[in-house]
Amino acid sequence: MTDHPLAIAAPAKINLYLHVVGQRDDGYHELDSLIAFAGIHDTISLEPAAAVELTVGGPFADALDGEGENLVLDAARSLAARCGVEAGARIHLEKRLPVASGIGGGSADAAATLKGLRQLWEVAMPEAAWAELALDLGADVPICLHGRAAYIGGIGERIDAAPNLPATAMVLINPGVAVPTPAVFKRRSGPFGRPDRLGSEAPTSIDLATALASRGNDLFDAARALEPVIGEAVDRLAAAGGCLLARMSGSGATCFGLFADRESAAAAVAVITGERPGWWIVATELLSTTEGHSAETARY
Ligand code: C5P
């Protein structure tokens, strides 16, 4: 017997590096990216109900588009259709992550919804069918469902295990601008990058930052051209004491800084918040897995 409501954490995903390595005939871009997760997350809670219903709360609730746009509902409806489920679910999304911001909030929410409904509706499918359903919902949903640091290839459907990454203090900044993913991909120009997986394990945060120093985010220039403030966010992180590496995640606009320790991460948050009070700035940590996240409370 499962306790209700079920609460499932939907952690932010972080593209530690992101190379755009080609483009398919259908316009989607092929990527090579190392993805890990953050300690901060949205939360999906689910209870049995006659129909599928969604309520949204939390600091970014108002930023979501209309109900019909919500990936949580899309995930629930696709799973029900696929498995012939007639039951519903009362779903609540606590939205703590900025919307449309390169850290996969909507994708993480969709993946957490699939995980929760798998338990609530007691549905079983082969792993490949879950992966296919996830990819139909969005290119980042399979990695969020996978829930462990991994390299992704193709448009996000190829997932290869990555070595364990060191838990690392991290600061996330969203400078309050939305850059739509299709617009950023469209703006990207120049030759394609090449796949460039890390050659060896990175046991410490310094090793990780050193390995990532020669790898970047191939969408950064395009996103910064659309919203120059994204460049400012990366520069401010990079200039903070104790920052080991600063980059944009995904197609932006959220940027992350890896830090030597929690103290320097907290100090950076204090300084940058003082200078840019309108920005969303949080101290959190980089994690290799979404397991062990408490869905009840954010870790910081
Ligand atoms: O799949 P998702 O909804 O995340 O993608 C949004 C848009 O971003 C796509 O319609 C496409 O224009 C672009 N995109 C892309 N290559 C990817 C992922 C997204 O071109 N790998």
Side-chain angles (χ1 to χ4, degrees), residues 11-38 101-104 106-108 111 128 131-132 134-166 168 170 179-202 205 207-225 230 234 244-258 286-290:
K13 63 98 192 167
I14 305 294
N15 296 88
L16 288 171
Y17 76 86
L18 187 159
H19 291 180
V20 179
V21 299
Q23 188 168 22
R24 301 195 317 195
D25 291 344
D26 66 0
Y28 267 82
H29 291 80
E30 292 177 312
L31 308 176
D32 167 47
S33 182
L34 174 58
I35 295 189
F37 296 91
S101 71
I103 51 174
S107 306
E132 193 184 311
L135 186 63
D136 279 349
L137 291 165
D140 283 332
V141 182
I143 183 65
C144 292
L145 191 61
H146 181 73
R148 285 186 301 284
Y151 294 103
I152 61 152
I155 64 162
E157 79 281 10
R158 231 176 40 235
I159 296 176
D160 294 321
N164 262 347
L165 302 172
T168 300
M170 181 166 65
V179 278
T181 302
V184 176
F185 273 105
K186 209 166 162 195
R187 182 80 182 224
R188 192 210 70 86
S189 60
F192 290 116
R194 58 181 182 87
D196 195 14
R197 294 182 176 189
L198 308 196
S200 57
E201 291 216 13
S205 302
D207 296 333
L208 179 62
T210 304
L212 294 172
S214 58
R215 296 163 174 88
N217 182 331
D218 287 352
L219 296 175
F220 178 55
D221 288 343
R224 188 175 46 175
I230 296 171
V234 169
L244 305 173
L245 179 97
R247 294 278 187 267
M248 183 181 84
S249 180
S251 57
T254 304
C255 304
F256 65 92
L258 302 183
L286 182 79
L287 300 171
S288 277
T289 169
T290 61

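Index from 1, following the sequence.
Without hydrogens or angle criteria, S33 side chain to L31 main chain gives no donor-acceptor distance under 3.5 Å. With T181 contributing its side chain and S251 its backbone, the two residues share no donor-acceptor pair below 3.5 Å. Judged by distance alone, with hydrogens and angles left aside, the side-chain atoms of D140 form no donor-acceptor pair with the main-chain N or O of G104 at under 3.5 Å. Of the possible donor and acceptor atoms, none in the side chain of T254 sits under 3.5 Å from a partner among the backbone N and O of G102. Under the 3.5 Å distance criterion, the side-chain polar atoms of R188 are left unmatched by any main-chain donor or acceptor of V184. In this structure, H29 contributes its side chain and Q23 its backbone to no donor-acceptor pair below 3.5 Å. For the pair R215 (side chain) and D196 (backbone), a donor-acceptor distance under 3.5 Å is present. For the pair N15 (side chain) and G250 (backbone), a donor-acceptor distance under 3.5 Å is present.
Residues L18 and F220 fail the side-chain proximity criterion, which asks for heavy atoms closer than 4.5 Å. Annotation: side chain of D218 is not in contact with side chain of F192 (no heavy-atom distance under 4.5 Å). In this structure the side chain of P142 reaches within 4.5 angstrom of the side chain of I159, judged on heavy atoms. The side-chain heavy atoms of F256 and L16, taken from C-beta on, include a pair separated by under 4.5 Å. Counting only heavy atoms from C-beta outward, the side chains of L135 and I155 approach each other to under 4.5 Å.
Between R187 and D221 there is no salt bridge, since no side-chain nitrogen of the basic residue lies less than 4.0 Å from a carboxylate oxygen of the acidic one.
The number of heavy-atom neighbours closer than 6.0 Å to CZ of R194, taken from other residues, nucleotides and ligands shown, is 12 or below. For D26, the CG atom sits in a packed shell: over 12 heavy atoms of surrounding residues, nucleotides or ligands are nearer than 6.0 Å. Heavy-atom neighbours of R197 CZ from other residues, nucleotides or ligands within 6.0 Å: above the threshold of 12.
Note that the OG1 atom of T168 and the CG atom of L287 stand 9.0 Å from one another [nearest 0.5 Å]. In this structure, I14 CD1 and L258 CG are separated by 9.0 Å, a value rounded to the nearest 0.5 Å. Atom OH of Y28 and atom CD of E157 lie 11.0 Å apart (nearest 0.5 Å).
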Applying side-chain contact (heavy atoms from CB on, under 4.5 Å), run through L198 and L208 and close with a yes or a no. CA-CA 9 Å; L198 308 196; L208 179 62; 4.2 Å; yes

Can you list the steps and then say if V20 with L219 is a side-chain contact (heavy atoms from CB on, under 4.5 Å)? CA-CA 8 Å; V20 179; L219 296 175; 3.9 Å; yes

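Contact record, V179 with A223: CG1-O, 4.4 Å, taken as the closest heavy-atom pair. Listed here is the closest heavy atom pair of V141 and A134: CB-O, 3.3 Å.
Just one residue in the list N217, L212, I35 forms a side-chain contact (heavy atoms from CB on, under 4.5 Å) with Y17, and that residue is L212.
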